[in-house]
Amino acid sequence: MATQPESVITVCCSDIAGQVRGKGFPAVDLDRRRRFGVGWTPTNVMINCFGRIPATPFGAEGDLMLVPQPGGDIRLPYDDGTPAEHVILGDITSMAGEPWDCCLRSLLKRALAALEKEAGLRLLASFEHEFWYEGGEERPGDSYAASSLRGMEGFIGAFLAALRANDIAPDTFLPEYGPKQYEITIDPADGLIAADQAVKLREICRSLAQRHGSHVSFSPVVTPGIVGNGVHIHFSLTDLAGNPVGYEPGQPGGMSALCASFCAGILRHARALCAITAPAVISYERLKPHSWSAYYANLADRDREALLRICPYPELPGVDVARRYNIEYRGADATASPYLQLAMLVFAGLAGIRDGLPAPFISSGDPGRWSDAERTERGIADLPRSLGEALDALEADSIATGWLGPVLTKAYLMHKRGEIEMAGDHGLQELCALYARAY
Ligand code: GLU
Ligand code: MG
């Protein structure tokens, strides 16, 4: 008997390991599942990127619901007769429907709601991704070269079309500097949507690459010693009516006092933030001096080695600069959950506004040429040089752990310290290969 293939929908969360995990159900049950979701287990958040649970504060106990959310759909219909791939991003709740302490998507909602309520502000964001495409052609001298796109038109075309079909507007697709390295940028969107889109983009990219017989990796360092894959988080502030409020001509860097305080908040907590935004052992192989990533907690105007970079805009007549003005956080990579990354940036920025922090020093040139004392004088801290150091900085920053709350703080530190311990069994080359497969 010939039967129609049945579709499965998977409801997923993006977790501490930056992995997209969940459970599936027959598509015909979607209405019911929208209400009750699928069962989820607290200890799942402790599964690290190596697929292990070195330790867990939750044990084998407890039950949660992972509930599909409106706008969370990733739909990838394939024209080979197989059922479409359908994932829906969800929130993790208690059995009574309350957000769970370790639901990272709910944390971002809380951060954005606080920004709105306390400061009357909204955040627009866009996650810019670099990645390595296994099937790319490698030729000496092919950085940014047209030749490095050759032969992968099928993948690129399908990838861009799938993004658009999932309401993600591609902005640029380019061959990057590194071998087999590519970059995709997309249009900005409201905070929660932007983070949803970052999760979706990675999954769509992975799925399409697989369908084209290849494999992609967003890992921060695929090959040790070669330029890394960054995630640059662009953001701008608007009032509740959507009017941009970050730009003020005549001010240093064109930055309004509000935006300056927001940035100062991020810089004040930068060392703790790194534990969240660059949370893999090998993230610190990317955050090296002169790597076009970030090495100090500094703000600079159009400098690709600053943690916070004031991005360029066309200085042509008729350009609405205020709408284009945005800041880029460069100390992030794709081993983290975009929800958690953005939530922490928002909490830190909001704290800067709340405390009325003065505008940060806008550095120009390499802060490494200054002595420690000179950097301190300019308010520029060193970023952590390892994940262990970053986690210690997070643990020591009681304001930052306050944003996470005690349950998530404990789970996060335990999860990540377990990962460091496991990573210690491997040499750098082997470790990069493992992370490359995981991300
Ligand atoms: N690959 C660099 C990074 O790790 C970024 C290069 C660029 O400015 O696009 O962040
Ligand atoms: Mg780039």
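In listed order, ligands and their atoms are each counted from 1.
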Out of the N/O/S atoms in Glu130, what is the name of the one closest to the Mg ion (ligand 2)? OE2

Among the N/O/S atoms of Glu176, the Mg ion (ligand 2) lies closest to OE2

For Phe262 and Ile327, run side-chain contact (heavy atoms from CB on, under 4.5 Å): C-alpha distance rounded to whole Å, both residues' side-chain angles, the deciding distance at 0.1 Å, then the answer. CA-CA 11 Å; Phe262 192 89; Ile327 313 298; over 6 Å; no

Atom name of the N, O or S atom of Glu183 nearest to the Mg ion (ligand 2) is OE1

Answer yes or no for Glu128: is there an N/O/S atom below the 2.8 Å cut-off from the Mg ion (ligand 2)? no

Of all pairs that satisfy side-chain hydrogen bond (donor to acceptor under 3.5 Å, both in side chains), the ones with a partner from residues 239-254, not counting sequence neighbours: Asp239-Asn243

If you take all heavy atoms of Leu387 and Ala278, which pair is closest and at what distance? CD1-O, 4.1 Å

Please say whether more than 12 non-hydrogen atoms of neighbouring residues, nucleotides or ligands are located less than 6.0 Å from CZ in Arg437. no

Determine all donor-acceptor pairs shorter than 3.5 Å in which one atom belongs to a side chain in residues 141-149; sequence neighbours excluded.
| residue | atom | partner | partner atom | Å |
| --- | --- | --- | --- | --- |
| Asp142 | OD2 | Arg139 | N | 3.0 |
| Ser143 | OG | Tyr177 | O | 2.7 |
| Tyr144 | OH | Glu176 | OE1 | 3.3 |
| Ser147 | OG | Arg139 | NE | 3.1 |
| Ser147 | OG | Arg139 | NH2 | 2.8 |
| Ser148 | OG | Asp142 | O | 3.1 |
| Ser148 | OG | Ala145 | O | 2.7 |

State, without any angle test, whether Tyr78 and Ser207 hold a side-chain donor-acceptor pair at a distance under 3.5 Å. yes

Using atom types as modelled, flag every donor-acceptor pair under 3.5 Å from a side chain in residues 224-232 to any protein atom, sequence neighbours excluded.
| residue | atom | partner | partner atom | Å |
| --- | --- | --- | --- | --- |
| Asn229 | OD1 | Gln181 | NE2 | 2.9 |
| Asn229 | ND2 | Ser219 | O | 2.9 |
| His232 | ND1 | Glu128 | OE2 | 3.3 |
| His232 | ND1 | Glu328 | OE2 | 3.3 |

List ligand 1's nitrogen or oxygen atoms that come under 3.5 Å of a protein nitrogen or oxygen, with the partner atom and distance.
| residue | atom | partner | partner atom | Å |
| --- | --- | --- | --- | --- |
| ligand 1 | 1 (N) | Glu130 | OE1 | 2.7 |
| ligand 1 | 1 (N) | Glu130 | OE2 | 3.4 |
| ligand 1 | 1 (N) | Gly228 | O | 2.9 |
| ligand 1 | 4 (O) | Gly228 | O | 3.4 |
| ligand 1 | 4 (O) | Arg286 | NE | 2.7 |
| ligand 1 | 8 (O) | Arg330 | NH2 | 2.8 |
| ligand 1 | 9 (O) | Glu130 | OE2 | 3.1 |
| ligand 1 | 9 (O) | Glu176 | OE2 | 3.0 |
| ligand 1 | 10 (O) | His232 | NE2 | 2.8 |
| ligand 1 | 10 (O) | Arg286 | NE | 3.4 |
| ligand 1 | 10 (O) | Arg286 | NH2 | 2.7 |
| ligand 1 | 10 (O) | Trp292 | O | 3.4 |

Taking atom CD of Gln19 as the centre, does the number of heavy atoms from other residues, nucleotides or ligands within less than 6.0 Å exceed 12? yes

